[in-house]
Amino acid sequence: MAVLAAALTACGGGGSHSPASSADQLSGDPLTAVRSAPDITGRTGSAKATTELVTESAEKKAVFNGSGGYDYVNRIGKLEISVPPGAATTGKIVEVVLPGTVYLQNSGAKIPEGKWVRLDVRQLPDGNLVSSGATDPASAAGALRGVQKADLVGTETVGGLELKHYKGTLDLAKAADATGGRGGDGLRMAAQTFTVKEVPYEVWLDGQGRLHKVVETFSFAGVAGSKEAKDQVKVVSTVSLGEFGAAVDATEPGASDIFSMKPSASPS
């Protein structure tokens with residue numbers, strides 16, 4: 001995981017859900033509409049997801065693409081992330097996410113094939129919002145609970161469906177507080193790490209208020225503590241949702257499949 005995070009730098013759910021409601025409707029107030037999207041989306045039960053994470057530094061750029069889904073009832077999701085050339089690992093990274101916990105497979109050269117690494121998101125400076133190559137659907141949506149500004153850009157038709165397009169800024173610390181519990185841990189870690197505290201976002205919602213697409217732009221220092229422009233890394237994270245209610249194949253890895261790094265023996 002540390003190797004992947006370093007490669008990214010070099011390159012560049014929370015809350016409880018009430019039962020589905022047919023009465024959900026997009027609010028006419030932009031701020032309310034965007035802040036309500038995570039909970040309304042959660043009441044759909046599940047959704048398929050595609051992700052894109054673009055990291056850019058002064059000299060390098062890398063693109064990570066993923067696909068999978070999230071089960072809001074059981075609060076578990078699964079993504080397969082395509083790794084760009086030049087990263088620390090090859091092939092695809094498989095990621096299983098639960099509130100406050102992430103399991104990674106194929107995340108580093110020292111991990112045996114087929115084994116998983118279990119991490120508490122509090123171990124990761126960014127709370128796993130970007131370091132594994134994707135922002136998981138629950139965290140991407142949960143960040144919208146911290147929206148501070150929301151402006152309606154217009155109406156767009158995508159795949160025959162009319163969507164309202166909004167943009168503004170959000171506060172990850174406020175999002176963490178509004179999400180609460182283990183689901184807010186990653187958002188809280190990211191709020192402490194990212195250098196731009198007012199996170200720009202764009203979001204597309206349907207007439208029920210469900211989230212179809214969200215783009216969030218994060219920034220952090222590629223050189224610890226540096227405020228120099230040349231040392232800053234910009235990460236543009238896009239999560240698109242669809243096929244609401246579709247079954248999602250995601251299960252937590254068993255204990256026998258978890259790989260634990262053993263500490264080196266002390267010299268005698």
Side-chain angles (χ1 to χ4, degrees), residues 13-18 21 24-44 47 49 51-54 70 72 75 77 97 99-100 121 126-130 134-156 158 162-220 234-242 244:
S16 59
H17 299 290
S18 56
S21 171
D24 282 328
Q25 188 173 359
L26 182 68
S27 172
D29 172 56
L31 198 61
T32 301
V34 178
R35 285 179 177 173
S36 300
D39 292 323
I40 291 175
T41 304
R43 288 195 284 271
T44 65
T51 65
E52 180 186 72
L53 198 79
V54 181
Y70 195 85
Y72 295 99
R75 303 178 74 191
V97 293
V121 298
D126 72 303
N128 197 45
L129 261 68
V130 302
T135 307
D136 77 79
S139 295
L144 297 175
R145 295 189 177 99
V147 164
Q148 302 302 295
K149 291 176 58 179
D151 295 313
L152 176 61
V153 177
T155 302
E156 302 172 16
V158 180
E162 187 176 279
L163 302 177
K164 296 292 186 183
H165 178 193
Y166 304 85
K167 68 186 301 183
T169 57
L170 61 87
D171 183 314
L172 290 171
K174 287 182 169 61
D177 291 340
T179 298
R182 296 285 283 128
D185 286 345
L187 297 169
R188 190 168 292 106
M189 292 297 299
Q192 297 169 8
T193 297
F194 293 144
T195 52
V196 176
K197 302 306 179 184
E198 292 187 350
V199 175
Y201 76 89
E202 293 188 62
V203 67
W204 287 258
L205 308 177
D206 65 18
Q208 291 179 241
R210 298 178 302 185
L211 175 63
H212 282 255
K213 181 180 177 181
V214 58
V215 181
E216 294 158 344
T217 302
F218 307 113
S219 299
F220 66 92
K234 182 176 77 171
V235 183
V236 180
S237 171
T238 302
V239 175
S240 299
L241 300 179
F244 296 105

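Just so you know, residue 1 is the first one in the sequence shown, and it goes up from there.
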Open item on the list: Any salt bridge linking Asp171 with Lys197? Criterion: basic side-chain nitrogen under 4.0 Å from a carboxylate oxygen.
Closed with: no
Open item on the list: For Thr41 and Leu241: C-alpha separation, side-chain torsions, deciding distance, then whether side-chain contact (heavy atoms from CB on, under 4.5 Å) applies.
Closed with: CA-CA 9 Å; Thr41 304; Leu241 300 179; 3.8 Å; yes
- [ ] Could you go through the side-chain contact (heavy atoms from CB on, under 4.5 Å) check for Leu163 and Thr155 one step at a time?
- [x] CA-CA 6 Å; Leu163 302 177; Thr155 302; over 6 Å; no
Open item on the list: Nearest 0.5 Å, please: how far is CG in Leu129 from CG in Leu187?
Closed with: 6.0 Å
Open item on the list: Strictly distance-based, threshold 3.5 Å: is any side-chain N or O of Ser139 a donor or acceptor partner for the main-chain N or O of Thr135?
Closed with: no
Open item on the list: Test your reading of the model: is there a side-chain donor-acceptor pair from Arg145 to the backbone of Ala175, 3.5 Å cut-off?
Closed with: no
Task: Spacing of Gln148 atom CD and Tyr201 atom OH [to the nearest 0.5 Å] - done: 9.5 Å
Task: Min side-chain heavy-atom separation Arg43-Asp24 under 4.5 Å - done: yes
Open item on the list: Distance check, rounded to the nearest 0.5 Å: Thr44 atom OG1 versus Gln208 atom CD?
Closed with: 9.0 Å
Task: Residues, nucleotides or ligands: over 12 heavy atoms within 6.0 Å of Gln192 CD - done: yes
Task: Spacing of CG belonging to Asp39 relative to OG1 belonging to Thr179, to within rounding of 0.5 Å - done: 8.5 Å
Quick one: side chains of residues 210-217, donor-acceptor pairs under 3.5 Å with protein atoms, not counting sequence neighbours, listed by atom name and distance.
from   : atom 1 : to     : atom 2 : distance (Å)
Arg210 : NE     : Asp206 : OD2    : 2.6
Arg210 : NH2    : Asp206 : OD2    : 2.9
His212 : NE2    : Asp206 : OD2    : 2.9

TODO: Calculate, to the nearest 0.5 Å, the distance between atoms OG1 and CG belonging to Thr238 and Leu53 respectively.
DONE: 8.5 Å
- [ ] Output yes when Asp185 and Arg182 qualify as a salt bridge under the 4.0 Å nitrogen-oxygen rule, no when they do not.
- [x] yes
Open item on the list: When you measure from the side chain of Glu156 to the backbone of Gly154, do you find a donor-acceptor pair of N or O atoms at a distance under 3.5 Å?
Closed with: no
- [ ] For Ala37 and Leu205, work out which heavy atoms get closest and say how close.
- [x] CB-CD2, 3.7 Å
TODO: Could you go through the side-chain contact (heavy atoms from CB on, under 4.5 Å) check for Thr169 and Val199 one step at a time?
DONE: CA-CA 5 Å; Thr169 57; Val199 175; over 6 Å; no
Task: Shortest non-hydrogen contact between Thr32 and Ser36, atoms and distance - done: O-OG, 2.7 Å
TODO: Evaluate the ring-ring contact (aromatic ring centres under 6.0 Å, His included) criterion for residues Tyr72 and Tyr70: first the C-alpha distance (whole Å), next the side-chain angles of each, then the deciding distance (0.1 Å), finally the verdict.
DONE: CA-CA 6 Å; Tyr72 295 99; Tyr70 195 85; 5.0 Å; yes
Task: Separation between CG of Asp126 and CZ of Phe220, rounded to the nearest 0.5 Å - done: 7.5 Å
- [ ] Evaluate the side-chain contact (heavy atoms from CB on, under 4.5 Å) criterion for residues Tyr166 and Asp151: first the C-alpha distance (whole Å), next the side-chain angles of each, then the deciding distance (0.1 Å), finally the verdict.
- [x] CA-CA 5 Å; Tyr166 304 85; Asp151 295 313; over 6 Å; no
Task: Side-chain heavy-atom pair Val54, Val235 within 4.5 angstrom cut-off - done: no
